[in-house]
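Following: one structure in C-alpha cells, then a few remarks.
Just so you know, ligand 1 is whichever comes first in the structure, and atom 1 is the first atom listed for that ligand.
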Amino acid sequence: MATIAYLDNNATTLMPEQVVQELVNWANQGNPSASYASAKKCQTMMNEFRAFIGRSASCPVDQYMITFTSGATEANNMIVRGVIERARATKGFASSPNSFHVVASAIEHKSILLLLEDMVTRVPEMSLTFVNPDINGHIRAEDFARALRPSTCLAICMHANNETGAINDIVEIGRVVKAYSPSIFFHSDIVQSFGKVPVNLTQARVDGASISFHKLHGPPGVGVAVIKRTQLEGIRPLLYGTQSFGMRGGTENVVGIGAAFAATQLTLSRMPQTIALELGLKKYLIAELANHAPVTTYDKYASARTKLELQVVIVGNEKITDVQWYLPGTIMLSATKHLGPAACNTKIKEKLEEARVIVSVGSACNTSSKDHSHVLRAMNLPTVVMDGAIRVSMCGYTTQEEVDRFIKGFLQEVNRQYMISRESK
Ligand code: PLP
C-alpha cells in the first residue's frame, strides 16, 4: 500500500524521529518547580528555549515575557482576555457602554473570534470592529487604520492565515496602530508564520503574540504566550498558580516542551532550505496543473467577463509564489463552475484520501453559506469558489512524489465531476 502523502501541514505537522525521542528524554525528570538537580535541568532547558524563541522571533526575553501554555488557543485567550479585562477594570464598571473598543481582523483563528464574539455580548463597555481582507486574502494597513478609534485599547491581526497562507504586513499594521496611539495593545497570532518565514516582533511593534509548536514538527499541546514586559501590569492569568512567575499556573509540560524545543531548533535551522523546497514544489504544482487545465488566480478570475466551465482558481493573486505575501508551502485551489450540486470539494478530498493523499477543504461544499469558512466569506469569494476550495499545505519534508500524487488524484476527480455535470446538461 502507498505511504501517506501528508499535505495538511497547516493543521498539524508530523514529528521526526529525533523529536519523538526527545519526548522520552524529558520523561521522568520530576516536578520542574522542585529544587533537585533534574528539576533544575528542566528549568534551565525552559529558560534556554525562551531565549531561543526570543532570538528567533526578535522578542528578546529582557523585553518580552515568554510563558509556556497548552498551545496557541490558550495563549490567544490569555492575552486577548487579559487585555480586555484590564481595559474593563481600568475604565471601571460604572463607565458608559462602548467605553473601550477592540479592532480585529475578520480572518483570525476561531480561538480569538469566538472569544471576542462572546465577550462583546457579555461586556457592555466593549465595542468591536472586524476588518475584512481584500480579495487576495490580505488585511490592508489602511483598512485597519480606518477602524481605529480614540477608545481602541486592543488591535489584533494575525501574521499568516492558516487557510489561504496570505501573509499580512504586520510591520506596517503595527506602525499604523502605534502611530494612532502608542497605548493600543497590538496582538499578533504568529502560529502559521513562526518557523516558516522570518518573523520580527520588535519591528512589528507587537505587544502580544502566540505560537504553537505542533505546527513546526513539535508535539501538540505546547505553545507560548509572548507579552511585552512593559504591558504586563494589570494582565491577569487565565489559570492561577505559582508556576511560570504567576502568569500561568500548572506544572509545565516539560516532556512536551523539551520535544518542542528540539523541533523548533531543527525547523528553524532548516528554514532557508524548506522555503526553497516548498516554493519549488508550489511552482511545480501550478505548472503541472496548468498542463492539464486552465489555471488562474482569483483576482483575474473575478475580473474576467466570462468564466470557463472547467478552471482551477488559485485563491490569491500573482504573488502566490512570493514569500513576502504567501506562505511558501500553502496553496488553496478551487475547481469551479462545472461543480454540480452533487459534486464538490468534499468528494475530491475523499477521493484523495482513498489514494492516501491528505489535504483539507476550505469549507465543505454541501454546507449552508453561514457554515462556509469565515476566512473565505470575509474575502467575499463567490459560493462557487468557496464550494470547491481545497488547501494543500506542505512542509520541509514534502516530496515531489507526494505532490504528483495530489495532482493525479485532484485532476482525476475534477475531470470525473466535470464529465458528470456535462452529461447531466
Ligand atoms: N492560530 C492559528 C492561526 C492556527 O492555525 C491554530 C491551529 O489550528 C491555532 C491558533 C491554535 O493552535 P493550538 O492548536 O495550539 O491551540
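- A salt bridge links R175 and E172; the closest N-O separation between the charged side-chain nitrogens and carboxylate oxygens is under 4.0 Å.
- Contact atoms of ligand 1 toward G71: 15 (O) (distance under 4.0 Å to a heavy atom of the residue).
- For atom 4 (C) of ligand 1, the nearest protein heavy atom (residue, atom name, distance) is H109 CD2, 3.4 Å.
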Exercise for review: Apply the test side-chain contact (heavy atoms from CB on, under 4.5 Å) to residues M65 and S244: give CA-CA distance (whole Å), side-chain angles for both, the deciding distance (0.1 Å), then the verdict.
Suggested key: CA-CA 10 Å; M65 178 134 189; S244 301; over 6 Å; no
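- Residue contacts with ligand 1, taken as heavy atom pairs separated by less than 4.0 Å, involve D189 solely via side-chain atoms from C-beta onward.
- Residue contacts with ligand 1: V191 is placed with no nitrogen or oxygen under 3.5 Å of a nitrogen or oxygen of the ligand (distance criterion only).
- The pair R229-D62 fails the salt-bridge criterion, with no side-chain N (NZ, NE, NH1 or NH2) lying under 4.0 Å from an Asp/Glu carboxylate O.
- The option from S212, S193, A11 that lies nearest to atom 15 (O) of ligand 1, judged by heavy atoms, is S212.
- Between the side chains of T67 and R50, not a single donor N or O lies within less than 3.5 Å of an accepting N or O.
- Looking only at protein heavy atoms, the nearest one to atom 16 (O) of ligand 1 is T73 OG1, 2.5 Å.
- Of the charged side-chain nitrogens involved, at least one lies within less than 4.0 Å of a carboxylate oxygen, so that R122 and D118 count as a salt-bridged pair.
- At a 4.0 Å heavy-atom cut-off, ligand 1 does not touch E74 at all.
- Looking at E233 and R86, no side-chain N of the basic residue comes within less than 4.0 Å of a carboxylate O on the acidic one, giving no salt bridge.
- Here is the list of ligand 1 atoms found below 4.0 Å of a heavy atom in M158: 3 (C).
- Atoms of ligand 1 lying under 4.0 Å from at least one heavy atom of H214, given by number and element, are 13 (P), 14 (O), 15 (O).
- Counting all heavy atoms, side chain and backbone alike, I167 lies closest to Y326 at CD1-C, 3.6 Å.
- Taking the charged nitrogens against the carboxylate oxygens, K319 and D299 have no contact shorter than 4.0 Å, which rules out a salt bridge.
- Looking only at heavy atoms of the protein, atom 12 (O) of ligand 1 is closest to A72 CB, 3.4 Å.
- When only non-hydrogen protein atoms are considered, atom 5 (O) of ligand 1 lies nearest to Q192 NE2, 2.8 Å.
- Considering backbone and side-chain atoms alike, K215 places an N or O below 3.5 Å from some N or O of ligand 1.
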